[in-house]
Undergrad: 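The structure under discussion is supplied below as structure tokens; questions concerning it will follow.
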Amino acid sequence: MRDVTTDREPIARTAPDGSDSSRRAPRALRPVLGMSGGLSAGVAALATAELTSVAVRPEASPLTAVGGAVIDRTPAAVKDFAIRTFGSQDKLALQLGIVTLLVLFALSLGLSSGSPRSVTTRAV
């Protein structure tokens with residue numbers, strides 16, 4: 001028997017826009033992958049900043065610094081309301097609020113990065 005080989009390239013799947021879709025995630029998964037990537041990057045950045053502040057100057061922790069800035073810029077009536085509502089846990093509530101906003105920001109950045117962008121170039 002004789003071994004017969006072909007010189008054909010494998011057929012690539014192409015998307016309707018002509019791009020190679022074999023390396024892309026399915027369209028339904030792109031937002032989820034983008035948000036998880038954004039959240040991972042946000043967690044890594046915050047963890048790095050917190051660990052660095054522990055080694056350098058613990059009172060300069062990003063969460064503590066941002067919390068202090070928020071407290072300094074908050075009107076007295078809002079501060080009094082927070083103290084009445086949360087009692088001795090007011091700083092914990094503030095830090096949880098900051099972390100929640102950071103998570104939402106990281107998710108939105110990841111979501112916006114997950115959408116494909118088209119790049120057009122002109123011949124010079």
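Not measured: the values here are computed from a predicted model.
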Undergrad: Could you identify which residues cluster with Leu96, counting Ile, Leu, Val, Met, Phe, Trp and Tyr as linked when any side-chain heavy atoms lie under 4.5 Å apart, either directly or through a chain of such contacts?
TA: Leu92

Undergrad: Who passes side-chain contact (heavy atoms from CB on, under 4.5 Å) against Lys79, sequence neighbours left out?
TA: Ile71, Thr74

Undergrad: Would you give me the side-chain donor-acceptor pairs under 3.5 Å for residues 35-46, sequence neighbours excluded?
TA:
unit_1: Ser36; atom_1: OG; unit_2: Val32; atom_2: O; d: 3.2
unit_1: Ser36; atom_1: OG; unit_2: Leu33; atom_2: O; d: 3.0
unit_1: Ser40; atom_1: OG; unit_2: Ser36; atom_2: O; d: 2.8

Undergrad: Checking Thr48 now: which residues fulfil side-chain contact (heavy atoms from CB on, under 4.5 Å) with it, not counting sequence neighbours?
TA: Thr52

Undergrad: Report the residues that fulfil side-chain contact (heavy atoms from CB on, under 4.5 Å) with Arg84, sequence neighbours left out, ordered by chain and then residue number.
TA: Asp80, Phe81

Undergrad: Taking salt bridge (charged side-chain N to carboxylate O under 4.0 Å, His left out) as the test, write out the residues that go with Arg57, two or more places apart.
TA: Glu59

Undergrad: Suppose we screen for side chain to side chain donor-acceptor pair (under 3.5 Å). Which residues come up paired with Gln89, at least two apart in sequence or across chains?
TA: none

Undergrad: Taking only residues two or more places apart in sequence, or in another chain, which ones meet Ser61 in a side chain to side chain donor-acceptor pair (under 3.5 Å)?
TA: Glu50

Undergrad: Please list, chain by chain and in numerical order, all residues satisfying side-chain contact (heavy atoms from CB on, under 4.5 Å) with Val99, sequence neighbours excluded.
TA: Leu63, Val103

Undergrad: Are side-chain heavy atoms of Ser53 and Pro58 found at a separation under 4.5 Å?
TA: no

Undergrad: Give the minimum heavy-atom separation between Pro31 and Leu111, together with the two atoms involved.
TA: CB-CD1, 3.5 Å

Undergrad: With sequence neighbours left out, which residue pairs that include part of residues 63-76 fulfil the salt bridge (Lys or Arg N to Asp or Glu O under 4.0 Å) condition?
TA: none

